[in-house]
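Data block below; observations after.
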2 protein chains.
Amino acid sequence: MVADADLPVAATRTSMRILETLVDLDGGGVTAIAEALDRSKSSVHDHLQTLVGLGVVVKDGHEYRLGLRFLRLGEFARSQYPMYEAGIEEVQQLSTAAGCAAGMAVLEGDSVVCLHHRLGPEAGSPRLAAGDRLPVHCTAPGKAILAALPEARREDILADHPFAAGTDQSHAKRADLAAELRTVTARGLAVDREEWEPDRRGIAATVTGPDGGVAGAIYLLTGSESHSGKRFQQDFPGLVISSATRIRNALRDA
Amino acid sequence: MVADADLPVAATRTSMRILETLVDLDGGGVTAIAEALDRSKSSVHDHLQTLVGLGVVVKDGHEYRLGLRFLRLGEFARSQYPMYEAGIEEVQQLSTAAGCAAGMAVLEGDSVVCLHHRLGPEAGSPRLAAGDRLPVHCTAPGKAILAALPEARREDILADHPFAAGTDQSHAKRADLAAELRTVTARGLAVDREEWEPDRRGIAATVTGPDGGVAGAIYLLTGSESHSGKRFQQDFPGLVISSATRIRNALRDA
DNA sequence: AAATTTGTTCGCTCATGCCGAATCGGACGA
DNA sequence: TCGTCCGATTCGGCATGAGCGAACAAATTT
């Protein structure tokens, strides 16, 4: 889950691992966490006590749960991206207009992260949460962002990329991806046809920033129901592209 | 900002302080953070290196910024509250119907925390972000939650409460507050008439959970423009109360 | 080009993170 | 009511590594 290396300040690393375990296990007691991390109970207990003291973790009874303090940090982190405020309302309208899930994603480091996701009205609307990381090579937002990056940057990102995740339809070879990205660049539009997960089709438009660089991507994501309809091919491209344009204008004016 | 005590695992505490400093200073270099915390540069540098390695902090150039990883943690933390999913759509509609800011708040530990906030269409719509902590005694959501709590719990919370924040209109005496809370309990509705901040008026309804306890509160919050209109007194109470009822029903059915 | 500022590296030392074992405390069941 | 079990908590000690100052490097300014 987290990048492994022998870092200084090991205690911090341990605390972070405890926090992520708290997410994975959906809360739990000292013992559960200790054996999940293969640490001594006493050490985990010390950490938890600290985290509780910091107000980051709350305990009710013998259960420890993640506290809401991170909400503030997370909220701040994403407010650093001007695209969030500029696009939040646009995502609402896009989702309503298309009748499916919509959201925004940005590039952080070498990975594409979901900034905001709104579920569609359909029953099995794809679940995605803000903060989730998306594969760059087999998702619509990933490709939309990748295609708009400078050559060197793109190479960097793809260099240490496993190309492992995704279904069989995902591009096996770099060459294929390079070819596809060229057409993505040309149209400012990227498509994912069940390359990431079965029954999931996505479409995304690149959002460019005032500096000419890429700010992120805005996407639509459908579940299996919408397969047959031709709206995906006919209406959706226009919808996401005009949304992207409006966000770009908002970014410029801000 | 964080509760002070001599905790074990001091390194974790330092890391958390660095993260919060990153918020307060809106990002910065090693030196800035070091002197903000009165720590040696080398120590801060070590911590930052760790945090970057964990993907929690990102550095571009000589600037360190908070990363998006916390978005996931924060998102998870609030998904622990069933009220979030049950009410997110309701807040949208409430905000639209009332034409002002709306949101939800819950009780965590001894403080009331904003779970979700949607800005209203008005220009100076009150800014509040998810994760912000609200004073319990002088805000509408705070009082709405407080009033619905069992006697003992309420006493606990008010015991170590400073009663310091807020404008002059805030209740100076516990007795006054107790009296007000009784009427709040009766109506399931709490009001804040510029007690928290000038030009800010709020109204909140208690949301009760399936277990009969209080799940949280849903609120409307207006800026100065809406002062004169009588909608605040005539329409808003009905709006928030029916919203609260719908959320309660959703919680029961889930 | 000198000076100033800022990030990074390097040893050293003492605080402290981590552990195993003992203790506590509540939740059952007889 | 007592005994048993399970998990959380406390404790003491040791080895580690967090934190510091100082030197170094790199970038920016005068």
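Only this structure's heavy atoms are used, side chains among them; waters, hydrogens and symmetry mates stay out. Just so it is clear: chains get the letters A, B, ... in the order the sequence lines come, proteins before strands, and each one is counted from 1.
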Among C/dG7, D/dA8, C/dT9, which is the nearest nucleotide to the side chain of B/Q49?
C/dT9

Check whether any side-chain nitrogen or oxygen of B/S42 sits under 4.0 Å from OP1 or OP2 of D/dC20, and answer yes or no.
no

Under 4.0 Å from OP1 or OP2 of C/dG7: is there any side-chain N or O of B/T31 that close?
yes

Under 4.0 Å between any heavy atoms, over every strand shown, what does B/H45 touch: base, sugar-phosphate, or nothing? Just pick one.
base

How many whole angstroms separate atom CG of B/D46 from atom C1' of D/dG17?
10 Å

Say whether, by atom type as modelled, one donor and one acceptor occur between the side chain of B/S15 and the main chain of B/T12 under 3.5 angstrom.
no

The correct set of residues in residues 32-41 of chain A placing a heavy atom under 4.0 Å from DNA chain D is A/K41

Under 4.0 Å between a side-chain N or O of B/H47 and OP1 or OP2 of D/dG19?
yes

So, A/D132 side chain and A/A129 main chain: donor-acceptor pair closer than 3.5 Å or not?
yes

Would you say A/L119 and A/H117 make side-chain contact, with heavy atoms under 4.5 Å?
yes

CG-CG distance between B/L158 and B/L146, expressed to the nearest 0.5 angstrom
5.0 Å

Tell me whether the side-chain N/O atoms of A/Y64 come closer than 4.0 Å to OP1 or OP2 in D/dT9.
yes

B/R17 CZ to D/dG19 C1', in whole Å, measures 14 Å

Ionic contact status for B/K143 with B/D192, cut-off 4.0 Å:
no

State which of D/dT9, C/dG17, D/dA18 makes the closest approach to the side chain of A/A10.
D/dA18

